[in-house]
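Notes to accompany the following structure.
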Amino acid sequence: MPELPEVEVTRLGLDAALCGAHITALRLGKPLRWPLQADPQTLHGLRIDALQRRGKYLLMRTAQGTLIVHLGMSGSLRWTPAQQPLPPASAHDHVELQTDRGVLRLRDPRRFGAVIWHPGTEVHSHPLLRALGPEPLSERFDGAALCQALRGRSAAIKPLLLSQHIVAGVGNIYACEALFRARIDPRTPASRLRPADCQRLATAVRETLQQAVALGGSSLRDFAHTNGHLGDFQLQAQVYGRAGQPCHVCGTPVRSIVQAQRSTYFCPNCQKILKSRSPGGKR
DNA sequence: CGTTACCCCTGGAGGC
DNA sequence: TGCCTCCAGGGGTAAC
């Protein structure tokens, strides 16, 4: 579920409540993908100075270290202010961060998520963050940077977008949507993208993610905002999850294929495998 | 080194 | 209703 937009929407929803809050306890339930890698007591009394995001990771910064949170496939965070009654924990609430302002719970049925403590201030040197590509909404990500990163890569462009090494934060939904927006066939070998294609794709990635954040993210299954409301991006999906349905641009049935064990959706008419000249389909 | 297959885990959807 | 199979927004690791 959670790709960059969902994590960013979560961050925005928690920022005011968590920044400045003091951690009073951290309780762990069933094991997640990785252990905390610290004694929960370590966090006691620390003040959360900032809530940041890197790719799909949420970073709770304190003077002593950073709590790195990843939502995996099915994770979501729920916040209950201290003034409100704390709802009973569900069977899938596996982490509870208690603060002087309220309680934050991580609900993650599949437990692919993680909460990791990284001591010190150099959180970006953490193995999970170090190899991430540039932030897609930053200046550092543009057509030229994308072109450079794809040089000599023979793999199909779509799985490469998912790798997090070329650009951070793009998951299966938004990879499909961005490639549709850029009118690029997801099977195209990455090195075959010309500068103009890279420019279009970089812009498409940025615009797709920005639009999704503005709409509050996607809610295909169980994603919920910290207030329990759902996002609206899925109402705008052009190809994701629409196999067999007509393309909104040209009417051709949307195709689904499997690439690197993940479903890919695309319009075989609008999205062309490289060509020397103008691809078809306008939006 | 780059690319791909396999796994971790649980729940929902659809077929029978 | 119950059981079975397939599928799912991620990503490290092992194997080619």
May I ask you to decide whether Glu207(A) forms a salt bridge with Arg181(A), counting only side-chain N to carboxylate O separations under 4.0 Å? yes
Out of dT10(B), dT3(B), dG9(C), which nucleotide sits closest to the side chain of Ile173(A)? dG9(C)
What integer number of Å spans the P atoms of dC9(B) and dC3(C)? 23 Å
Heavy-atom donor-acceptor pair, Gln64(A) side chain to Leu46(A) backbone, under 3.5 Å: no
Hydrophobic cluster identity match, Leu179(A) and Ile257(A), side-chain contacts under 4.5 Å: no
Specify the separation, in whole Å, of atom CZ of Arg242(A) and atom C1' of dA8(C). 19 Å
Are Leu128(A) and Leu106(A) connected in the hydrophobic side-chain network, where two residues link if heavy atoms are under 4.5 Å apart? no
Determine: side-chain N/O of Lys30(A) to OP1/OP2 of dC9(B), distance under 4.0 Å, yes or no. no
OH of Tyr240(A) versus P of dA8(C): gap in Å, rounded? 6 Å
Classify every nucleotide of nucleotides 11-16 of chain C by which part a protein heavy atom approaches to under 4.0 Å, writing B for the base, S for the sugar-phosphate alone and - for neither, in 5'-to-3' order. BS----
Quick one: SG on Cys267(A) to CZ on Phe180(A), what's the gap to the nearest 0.5 Å? 6.0 Å
From dC9(B), dG11(B), dA8(C), pick the nucleotide closest to the side chain of Phe112(A)? dC9(B)
Grab the CZ-C1' distance between Arg110(A) and dC8(B) for me, whole Å please. 9 Å
Stems with DNA chain C, 3 or more Watson-Crick or G-U pairs in a row (under 3.5 Å), are B:2-8 with C:10-16, B:10-16 with C:2-8
d(CZ, Arg54(A); C1', dG10(C)) in whole Å: 16 Å
Is the side chain of Gln271(A) donor-acceptor paired with the backbone N or O of Pro268(A) at a distance under 3.5 Å, no angle test? no
Rounded distance (Å) that lies between atom C1' of dT4(B) and atom NZ of Lys158(A): 14 Å
Got a salt bridge between Lys56(A) and Glu6(A), using NZ or NE/NH1/NH2 to carboxylate O under 4.0 Å? no
For dT3(B), take OP1 and OP2 only and decide whether either is under 4.0 Å from a side-chain N or O of Arg153(A). yes
Side chains of Arg61(A) and Gln52(A): do they bring a donor and an acceptor to under 3.5 Å? yes
Just the rounded figure in Å: distance from P of dG10(C) to CE of Met73(A). 6 Å
If I pick the P atom on dA5(B) and the same atom on dC7(C), what distance separates them, to the nearest angstrom? 15 Å
Does dG9(C) have OP1 or OP2 sitting under 4.0 Å from an N or O in the side chain of Tyr174(A)? no
Decide side-chain hydrogen bond (donor to acceptor under 3.5 Å, both in side chains) for Gln211(A) and Arg206(A); before the verdict, give the C-alpha distance in whole Å, the side-chain angles of both, and the deciding distance to 0.1 Å. CA-CA 9 Å; Gln211(A) 180 191 4; Arg206(A) 182 179 304 111; over 6 Å; no
Does the side-chain hydrogen bond (donor to acceptor under 3.5 Å, both in side chains) test come out yes or no for Thr62(A) and Asp49(A), once each step is laid out? CA-CA 5 Å; Thr62(A) 78; Asp49(A) 298 322; 5.7 Å; no
Rounded distance (Å) that lies between atom P of dG2(B) and atom CZ of Arg151(A): 14 Å
Under-4.0 Å side-chain N/O to phosphate OP1/OP2 contact, Ser74(A) with dA8(C): no
